[in-house]
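Every value quoted in this text rests on a predicted model; they were computed, and no experiment measured them. We name chains A, B, ... by the order of the sequence lines, and we start the count at 1 in each one.
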Amino acid sequence: MICLHQGDGNMTSEYKPGDIETKWQKKWEADGLYQADIDPSKKKFYALTMLPYPSGEMHIGHWYAMAPSDARARFKRMHGYNVMFPMGFDAFGLPAENAAIQRKIHPQKWTFGNIDRMRSQLKSMGTMIDWRREAVSADPEYYHWTQWFFIQLFNNNLAYRKQSPVDWCPQCNTTLAREQVHGDDRHCERCDTQVIKKDLDQWFFKTTNYADELLDFSQIDWPDRVKTLQTNWIGRSEGADVIFKTEDGDELTVFTTRPDTLWGATFMVLAPEHPLVEKITTPEQKDPVEAYQKEADQKTEIQRATVEKEKSGVFSGGYAINPVNKARIPIWIADYVMMGYGFGAIMAVPAHDERDFEFARQYGLEIIPVIQPGGEKFDGATMTEAYVGPGSMINSAQFDGTEVTDQKGRANPGLGKVIDWLEKDGLGKETVSYKLRDWLISRQRYWGAPIPMIYCDTCGWNPVPEEELPVLLPEEVEWLPTGESPLKLHPTWKDTTCPKCGEKATRETDTMDTFMCSSWYHLRYLSPKYKEGPFDQKEYDYWMPVDTYTGGIEHATMHLIYTRFFHKALRDLGIAEANEPMVQLRNQGMLLSEDGKKISKSRDGEGVKDDKEDNLKKPAIGEPMLQLRNQGMVLGEDGEKMSKSRGNVIAPDDLVALYGADTVRAYLMFFARWDLGGPWNSQGITGTERWLKRTWALYTEAEVKGDVSDELIRDLKREVHTALDRISKDYEGFEFNTIISTLMELLNTLHEAQRGGAAGSKEWKEILELYLLMMAPAVPHIAEELWTDVLGKTYSVHDQPWPEVDREMMEKDEITLIVQVNGKLRDRIVVPVDISKEEAEKTALASEDAAPYLEGKEIRKVIVVPGRLVNIVV
RNA sequence: GGGGCGGUGGCGGAAUUGGCAGACGCAGGGGACUUAAAAUCCCCCGGUUCACACCAUGUGGGUUCAAGUCCCACCCGCCCUACCA
């Protein structure tokens with residue numbers, strides 16, 4: 001073996017990723033190769049991937065999200081786009097505070113230390129991130145503008161303060177957004193503690209103003225799955241508010257999607273927390289009602305998951321009047337009615353609602369059918385289940401006989417007529433109800449962007465004057481065991497003067513939900529140092545909107561709704577222009593541990609590495625879990641291969657040290673379908689390692705000029721262009737695994753051709769160059785080394801245009817004709833590509849291998865698929 | 001209970017969208033090289049079978065000349081959600 005590679009006088013033909021990778025990373029950075037600046041002569045491409053929370057370490061899941069996205073951004077770059085691929089850190093949040101409490105490190109220090117570490121890890125992956133555009137949400141230069149946005153929303157009536165019962169996590173000592181409360185037992189998403197209800201004054205954003213617009217996805221190319229999740233989350237339902245009255249004359253409004261069934265409302269149900277409960281409860285029912293309220297209150301604190309869902313309730317003793325027929329109906333209290341939706345009160349129509357039916361049967365309440373399909377004759381006393389289908393109205397006075405269909409809202413004739421009548425008589429009105437609620441953004445924590453509001457006894461709440469922004473977090477803070485926010489406990493921080501009257505006033509001591517910070521980070525990337533505003537309009541005009549956004553599906557209902565809301569609000573405030581911030585969204589699947597379960601990061605005894613990106617619940621008892629980082633097991637560089645046993649160490653850094661970044665990048669693209677993810681398995685990485693070693697060998701081994709036929713070269717070129725075509729399509733379609741397998745396949749072909757004497761010819765050189773260009777986005781370092789240093793081509797391979805597919809070259813002159821008899825494969829015959837149908841049929845019928853199956857049989861039909869197969873039916 | 005995604009060799013996964021099932025890779029087996037190991041290279045590798053052949057894409061039906069792919073019914077796994085009036 002003769003060595004051709006003589007870079008830095010080091011005579012070796014061994015592939016040494018370690019040396020190559022640092023070398024090129026340094027050079028690319030020094031040359032500013034990936035700096036993206038406004039260039040009106042070029043088409044822009046804003047490739048964005050969700051920013052990580054700086055929990056301390058990058059883990060394999062981060063890389064799984066970023067490496068393929070980076071490869072695709074590089075592909076777009078070679079396609080002639082001016083590509084911006086920025087990165088930042090979602091740096092506010094609870095883990096930093098936990099670190100402060102447990103390890104006595106200031107959150108600032110902990111966070112920024114982690115960022116340094118993670119930034120260098122990201123660099124070691126060889127990404128094309130333009131680090132000049134880095135934005136860190138905990139940086140005062142950043143949260144200055146988060147606060148500024150809050151003020152704009154406040155000034156435009158999109159932020160308001162209200163006392164409301166909120167979900168409070170006693171462990172984290174903070175309120176949670178509805179989205180952060182999980183499960184039947186209503187536990188905190190972060191620490192699993194059961195949340196409790198607390199009445200607090202809180203700041204909200206009016207996300208509900210945009211509910212209908214958020215349901216419109218016509219301007220964006222997002223996965224159906226995310227659109228469905230958001231649609232369900234917003235939960236629009238059409239119906240009517242109907243005003244009932246208690247016997248005492250108090251109004252008791254309910255929302256219903258079925259006003260057509262009003263005549264069948266035989267009782268009402270209030271949520272246990274409903275404000276009218278106390279008033280309507282009769283003295284004799286007082287004790288059972290209060291007992292029930294107490295019980296319902298506690299119910300949220302026991303594992304409801306384990307309790308059979310049986311309806312429970314108690315009679316209040318009070319009655320209401322059904323406005324449509326003046327019937328006197330009892331009012332019950334039951335926890336199957338939620339205070340948080342509609343009015344916390346319902347009219348119960350047991351004949352046509354499953355829940356009401358179950359409840360009525362349980363407590364012996366009256367059931368009156370009011371919808372009946374043809375051919376049926378319902379009897380309330382004997383019905384065995386609620387009827388929810390279409391039919392015509394009965395027992396409904398003047399509406400008897402009116403048709404009711406399956407349609408929702410006014411489109412349903414029965415509904416429309418009843419709504420019109422209700423509105424005419426002032427008994428109710430048509431409304432739309434949403435599950436989506438206004439976004440609660442107050443957090444009683446230190447490590448977040450302070451809400452820039454000031455309270456004055458005479459002037460009320462007023463925003464901090466914009467020229468005084470940012471409202472900085474005080475550095476000298478203390479965490480007391482009470483768990484109260486250090487901002488609240490700080491001796492002087494909250495003291496200020498009223499911006500209106502100048503008298504003594506108090507600052508808001510709550511900080512903002514970190515989702516507020518991440519709702520606009522894509523805008524800060526445009527101009528992270530800009531001082532005149534949140535972003536430089538020039539940059540906005542050129543780069544926005546985001547062309548491709550990649551990240552995990554788990555953000556479908558939180559971040560991805562908030563960021564859309566935020567952008568629409570900014571548009572209405574005249575700050576942003578487009579209707580949608582991100583044009584195209586694609587989600588990678590989740591990486592699972594080897595047993596197929598969700599990966600949980602180990603709590604490595606320090607308990608602070610929880611990372612909200614990872615949805616770090618404590619695993620249920622008995623659930624197996626894979627440790628992503630285990631500090632006791634660091635592999636040496638010479639190292640033995642990764643242990644094959646379970647409980648494996650999967651730290652990207654260790655993998656990079658062992659195999660090199662290119663191998664790891666390629667394996668992340670190769671090992672699973674990107675959109676599905678799946679159980680992680682380190683074993684297979686030797687496959688991509690061998691691929692790169694073999695590639696290296698192909699370029700560095702001696703080339704012996706052989707005899708090469710024109711035919712071999714033509715075949716080779718066809719393979720190359722076919723692969724090029726496929727790879728180009730796969731990058732567009734986010735099908736990363738087949739990009740690598742196509743490259744591997746092509747390498748096998750090249751090796752074969754080399755053995756067949758193709759090396760040394762003029763075409764061979766061109767083909768080798770093409771192959772490097774095709775590899776470059778996925779494995780940028782080895783491609784650069786082979787291109788620039790081994791082949792001696794012009795630096796950099798990443799500045800080369802993506803090769804064009806030569807369609808003519810792809811055309812074959814021969815194909816393998818499949819001969820089937822009754823659909824079964826019997827022969828393969830090589831024929832010219834332009835063979836006529838008749839010729840193909842003739843050839844097939846003459847097949848020797850097929851002959852035995854045709855013998856003595858009558859040929860019924862011959863199907864010829866041009867260019868593919870002939871099926872003989874006998 | 002509702003919604004979504006999926007089920008193809010021992011494993012991860014391919015399959016031009018109805019046309020050669022199992023590309024590419026891992027693991028495994030055999031061989032070459034080596035004092036030996038690693039690395040590398042070559043061959044084999046769904047099942048039954050000496051072979052011919054037959055059977056195979058979760059199960060059962062159907063459409064079709066032809067089904068992993070389309071239709072109907074069902075089973076299993078994972079994820080999300082949870083009494084939404």
Who does [N] pair with, Watson-Crick or G-U, both distances under 3.5 Å?
N     : value
B:G28 : B:C44
B:U35 : none
B:A56 : none

Item to check | Between B:G58 and B:A39 - C1' atom distance, rounded Å | outcome: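 About 42 Å, rounded to a whole number of Å.
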Checklist entry - With rounding to whole Å, what would you report as the distance between B:C76 and B:C83 at their P atoms? => result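 Looking at atom P only, B:C76 and B:C83 are 25 Å apart.
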Using only heavy-atom distances, determine whether the side chains of [X] and [Y] contain a donor-acceptor pair under 3.5 Å.
X        : Y        : answer
A:Ser312 : A:Tyr292 : yes
A:Tyr336 : A:Arg355 : no
A:Thr253 : A:Asp241 : no

From the list [options], which nucleotide is the closest neighbour of the side chain of [X]?
X        : options             : value
A:Ser741 : B:A27, B:A23, B:G25 : B:A23
A:Asn737 : B:A85, B:A23, B:G13 : B:G13
A:Asn232 : B:G3, B:G25, B:C5   : B:G3
A:Lys824 : B:C26, B:C55, B:G4  : B:C55

Item to check | Integer-rounded Å distance: B:C52 P and A:Leu825 CG | outcome: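 Taking CG of A:Leu825 and P of B:C52, I get 14 Å after rounding.
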Checklist entry - Within this structure, what is the OH-to-P distance between A:Tyr659 and B:C26, rounded to whole angstrom? => result 12 Å
May I ask you to say what [X] touches in the nucleic acid, namely base, sugar-phosphate or nothing, with a heavy-atom cut-off under 4.0 Å?
X        : answer
A:Val337 : base
A:Asn748 : sugar-phosphate
A:Leu743 : nothing
A:Glu354 : nothing
A:Val865 : base
A:Arg755 : sugar-phosphate
A:Tyr667 : nothing
A:Tyr434 : nothing

Item to check | Neighbour count above 12 (heavy atom, 6.0 Å) for A:Glu354 CD | outcome: no
Next on the checklist: For A:Lys693 and A:Thr228, find the nucleotide of RNA chain B closest to each by heavy atoms; which residue's nucleotide sits nearer the 5' end?
Outcome noted: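 It is A:Thr228, whose closest nucleotide lies nearer the 5' terminus.
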Checklist entry - When you match A:Phe671 and A:Ser237 each to their closest nucleotide on RNA chain B, which lands nearer the 5' end? => result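 On the 5' side of the pair lies A:Phe671.
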Can you tell me if [X] touches the phosphate of [N], counting only side-chain N or O atoms and a distance under 4.0 Å to OP1 or OP2?
X        : N     : result
A:Arg690 : B:A27 : yes
A:Arg225 : B:C80 : no
A:Lys861 : B:C65 : yes

